[in-house]
Amino acid sequence: MSEPSHPHRSHTCGELRPEHIGQRVKLSGWAYRVRDQKHNVFIDLRDHYGVTQLTFDDSQPELIARAREVRPESVLRVVGNVVAREKPNPKLETGEVELRVERLEVESPCETLPIQVQIPKGESDRADEEGRLRWRFLDLRRERLHRNIVLRDQVVRHMRDHMHAEGFVEFQTPILTNSSPEGARDYLVPSRLHPGQFYALPQAPQQWKQMLMASGFDKYFQIAPCFRDEDARADRAPGEFYQLDMEMAYVTQEDVFGVIERMYAALPEKVQVPGASPKRVQQFPFPRIPYWDAIDRFGTDKPELRFGLELCDVSDLFASSSFALFSDAIGLGGRVKALRIPGGAREGKGAVRRLEKHVKDLGYGGLPHLIYGDDEVGGSIAKQTTPEERAGIRERLQCASGDLVVFGCGSRAAAAKVLGEVRLEVARQRSRGLSVREVGEVFAKTRQPTLRAAIDAGGYVKAFRISRLALAGRDWRSILGEEAVRAGEDGTAVLVSAWEKKGPTEGPLREALHPKVLKTFEKLVGCAEGDVVAIAAGTSEGSSRALSELRSRACQALDLPDPDVLAFCFIVDYPFYELDEEGQLAFSHNPFSMPQGGLEALETQDPLDVLAWQYDICCNGVELSSGAIRNHRPEIMYRAFEKVGYTREQVDTEFGMMIKAFKHGAPPHGGMAPGVDRTVMLLLDEPNIREVVAFPKNQRCQDLLAGAPGYVYDRQLRELGLRIDLSAHGTRCPHCGTEAPPREHVDAHGYRRVGCDRCIPGASEA
RNA sequence: GGGACCGUAGCACAAUUGGUUAGUGUACCGGACUGUCGAUCCGGGGGUUGCGGGUUCGAAUCCCGUCGGUCUCGCCA
């Protein structure tokens, strides 16, 4: 048989199927797992496309000897024959065949791995954040991260396709530009040709897209890098991130919403996460919620709409109350708001304390609450309130026995905000366990017949847990469906059981779960007494789909956020101004948005009542973007800025480019800029933005792989006319923290560095 | 800049809550094994418990400082 002629491969590692049996093929890839049985050696060869099992036997002693020497993550090139497997592996796409190797070359051997690409049993792929960043190219080989980056491409591609299909033109705008009017700190780039002057990296291409509108391009978009020197969050990358930046001329905000909601509504079907349950959009068109409505109902301007538990205004019940905390707040023009947590009292005193601790950790004073029993009412403010007031609350909120009612008071926003935090915390606590986990290991040897058949055919067992569903006196069987054992149409088996101290109550799951592995399972899934647990076995997709269906049913019945649902909304009618900490009038959002009512509103209304054509898009409690219909009228802009203390001259100098453009025929225009990274996080259920970025920075904005930021050569600084002066940065060495004033040094390589004498040895003083 | 939690072998985690020689898994090295597939079994090497100081007869454990990590408030569209 002739050898495949391509120097590296004839097929990929995800390609071989039974129809290739008998062919002679060449594969290249990484040695993923090596299973050495001396007389038989198996190597799983992995590339971007999949995994193929290579086999070696002792008919060729020299070959198998070399196969046994192969170290994980070495790059191999092999030639061999595709044969059918004696025992297929349903977990691999190529699992029906294997490659009987006849030639093996180690193209690029791998040293001992600093982090393992194959995740060891019982370990998390999230462990050792620093090591992951330092060895990012290895981390990126791991299944989940590799998959995330590929899915990110699908998201970005969908965004591009959608925007083009809607008639938008893609642009690239300057990266070296000047400081823009957004509020964050700038990254500055010193200019060599103009010593002492600086470029700024764009915080967003805001000014440029408005220039393009003034230039007549009508519909602009860009997958735009944005640079902001601000501190990180779990969902906010430090330094840089990407937005789908878009802007349109001659539009209302509804025109902008249409483009964006069509893009997001189509996204879940364009991006399928392998092995995960599909996402669906809760409501289309997306609800438009006025800013103050969102605050009043959810206590936040980024409401989580996947479950109810809305806040209720009870100010009228306490207007003349003898309970001073509430009546004083109302007397000062504020509100008293209440949130009913159904069954909240049945979850024990610990649950109330946890909620109280949560709000205290966030800086609130405490959490006044009432506990409604069959007849009596308890709780922290039971003694300070009258029976009439407590009955009024019971009636207003339709309280049942076992409900917990928590209160917030203060200004309209403050009263709602604390309850908004409680609302989210309740949902967080109650939805613990809802995420689907792979638990195949526990059931590897089960003899439960339905499960056994499904595992053998599909290879996967997954599980989720509903916290305390069986405790709350609810009929969990009717919520989830009658039978404890089900076989789905595609051969997927589903087992459901409530949980007691000793384990599952239902026979089938008890039978499937060997007593020896019960503890392992309980630890893995987090089962506790009163929980209800569902497991499904079959293919990766089949088991996910079956569980997803069950879970959605439970979430609906229990008022929990369904992990498979995307609840988008637009928040509209933001206030144009607000008062800052010193009580001064300030722009509440973007100073370049158009006030509703235009110049007349600015002249005649109380500034705090003026609304802006300013909006946000949120999903599942996460802000994806804000945007606005812009203010393209210089006279309105001067007046708007005047109110916050800017003179005409200041506006002209600071925003010269914009004002100039708007004085030469600018179209009405508006847009928004949804975050690309956050969109991907949402779709992939990733809790941290680093999981969807190929080369992220750590919290302190360092790239541990590239070693950025770093010192530069002394001559570079001289060319730029710069000196380093750390006198305003304390008297500690930035490396070791010792109390030794850092000094500038030029080290042996010519780098200009800062540190104490101990940290930069051998350096000569600059 | 503030707060919370964390830091033990390359990596993940233990250490009966202050008590003998700091353990287990994985990775690494060696051995056994003819169909494995997260292989299994046996053996071996590997530790300044982040660093500095303090309390104590005795510190991985308690206290202070510091460095590093994650989350969070401030900040941020």
Side-chain angles (χ1 to χ4, degrees), chain A residues 32-44 51-59 64 71-73 85-92 94-95 98 111-133 135 138 181-185 203-204 206 226 228-238 241 243 245 301-302 357-358 360-363 438 440-441 444 459 574 581 587-593 614-617 623-628 672-675 678 687-688 690 698-700 702 704 730 732-739 759:
Chain A
Y32 193 28
R33 286 179 284 254
V34 181
R35 292 178 292 280
D36 175 4
Q37 288 182 296
K38 191 172 192 176
H39 302 289
N40 274 305
V41 172
F42 303 91
I43 296 177
D44 289 340
V51 175
T52 300
Q53 174 163 283
L54 313 177
T55 72
F56 303 81
D57 60 41
D58 52 6
S59 62
I64 195 172
R71 301 171 61 99
E73 293 307 310
R85 283 219 208 178
E86 288 174 21
K87 217 165 100 193
N89 181 352
K91 286 192 178 183
L92 293 183
T94 62
E98 62 191 6
E111 298 181 355
T112 300
L113 289 165
I115 67 169
Q116 286 159 251
V117 173
Q118 183 205 159
I119 313 296
K121 199 184 269 186
E123 288 183 27
S124 151
D125 57 357
R126 310 300 167 79
D128 187 26
E129 286 286 338
E130 195 178 340
R132 291 180 60 198
L133 294 177
W135 298 91
L138 294 176
E182 277 95 16
R185 278 182 281 265
Q203 295 184 20
Q206 183 67 34
C226 303
R228 291 179 197 158
D229 187 1
E230 294 295 343
D231 291 344
R233 285 285 182 281
D235 62 354
R236 193 172 83 200
F241 61 94
Q243 291 182 336
D245 194 39
D301 66 347
K302 38 184 182 181
K357 183 177 184 307
H358 179 73
K360 280 184 173 169
D361 286 348
L362 292 171
E438 231 263 277
E441 159 199 3
Y574 273 82
E581 308 89 60
F587 289 111
S588 74
H589 252 56
N590 184 329
F592 297 104
S593 63
Q614 166 84 43
Y615 39 81
D616 275 14
I617 180 170
E623 182 189 324
L624 290 172
S625 168
S626 60
M672 63 197 315
R678 277 193 192 174
N688 193 292
R690 289 186 297 270
N698 69 3
Q699 192 160 40
R700 299 199 306 152
Q702 294 166 304
L704 298 180
R732 288 183 185 282
C733 169
H735 305 283
C736 63
T738 53
E739 193 70 36
C759 287

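Naming: A, B, ... by sequence-line order, numbering from 1 per chain.
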Distance-only donor-acceptor test (3.5 Å): side chain [X], base [N]:
| X | N | result |
| --- | --- | --- |
| A:Gln53 | B:U36 | yes |
| A:Arg132 | B:C11 | no |
| A:Arg236 | B:C76 | yes |
| A:Arg85 | B:C37 | yes |
| A:Glu129 | B:G68 | no |
| A:Asp231 | B:G74 | yes |

Integer-rounded Å distance: [N] [atom2] and [X] [atom1]:
| X | N | atom1 | atom2 | value |
| --- | --- | --- | --- | --- |
| A:Asp36 | B:C42 | CG | P | 17 Å |
| A:His358 | B:C73 | NE2 | P | 9 Å |
| A:Leu92 | B:U36 | CG | P | 15 Å |
| A:Asp235 | B:C75 | CG | P | 16 Å |
| A:Glu230 | B:U72 | CD | P | 16 Å |
| A:Phe241 | B:C76 | CZ | C1' | 9 Å |
| A:Ile119 | B:G25 | CD1 | P | 20 Å |
| A:Asp229 | B:C75 | CG | P | 16 Å |

Residue pair A:Pro238 / A:Arg700, side-chain heavy-atom distance below 4.5 Å: no
Student check: side-chain heavy atoms of A:Gln53 and A:Asn89 closer than 4.5 Å: no
Pairing of A:Glu129 and A:Arg690 as salt bridge, 4.0 angstrom limit: yes
Ion pair check, A:Arg35 and A:Asp44, cut-off under 4.0 Å: yes
Side-chain N,O (A:Arg35) to OP1/OP2 (B:U36) below 4.0 Å: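 So the side chain of A:Arg35 is outside the cut-off, no N or O lying under 4.0 Å from OP1 or OP2 of B:U36.
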Atom pair CD/CZ of A:Glu111 and A:Arg71 - distance to nearest 0.5 Å: 8.5 Å
Answer with base, sugar-phosphate or nothing: what part of the nucleic acid does [X] contact at a heavy-atom distance below 4.0 Å?
| X | value |
| --- | --- |
| A:Glu130 | sugar-phosphate |
| A:Arg700 | sugar-phosphate |
| A:Asn698 | sugar-phosphate |
| A:Glu73 | nothing |
| A:Glu623 | base |
| A:Arg690 | sugar-phosphate |
| A:Ser588 | base |

Between [N] and [M], how far apart are the two [atom1] atoms, rounded to whole Å?
| N | M | atom1 | answer |
| --- | --- | --- | --- |
| B:C29 | B:G35 | P | 24 Å |
| B:A59 | B:U48 | C1' | 14 Å |
| B:U26 | B:C42 | P | 10 Å |

Residue whose closest nucleotide on RNA chain B lies nearer the 5' end, A:Arg233 versus A:Gln699: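 Counting from the 5' end, the first nearest nucleotide belongs to A:Gln699.
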Contact nearer the 5' end of RNA chain B, comparing A:His39 with A:Val34: A:His39
Sidechain-backbone polar pair: A:Ser625 side chain, A:Ala673 backbone, donor-acceptor under 3.5 Å: yes
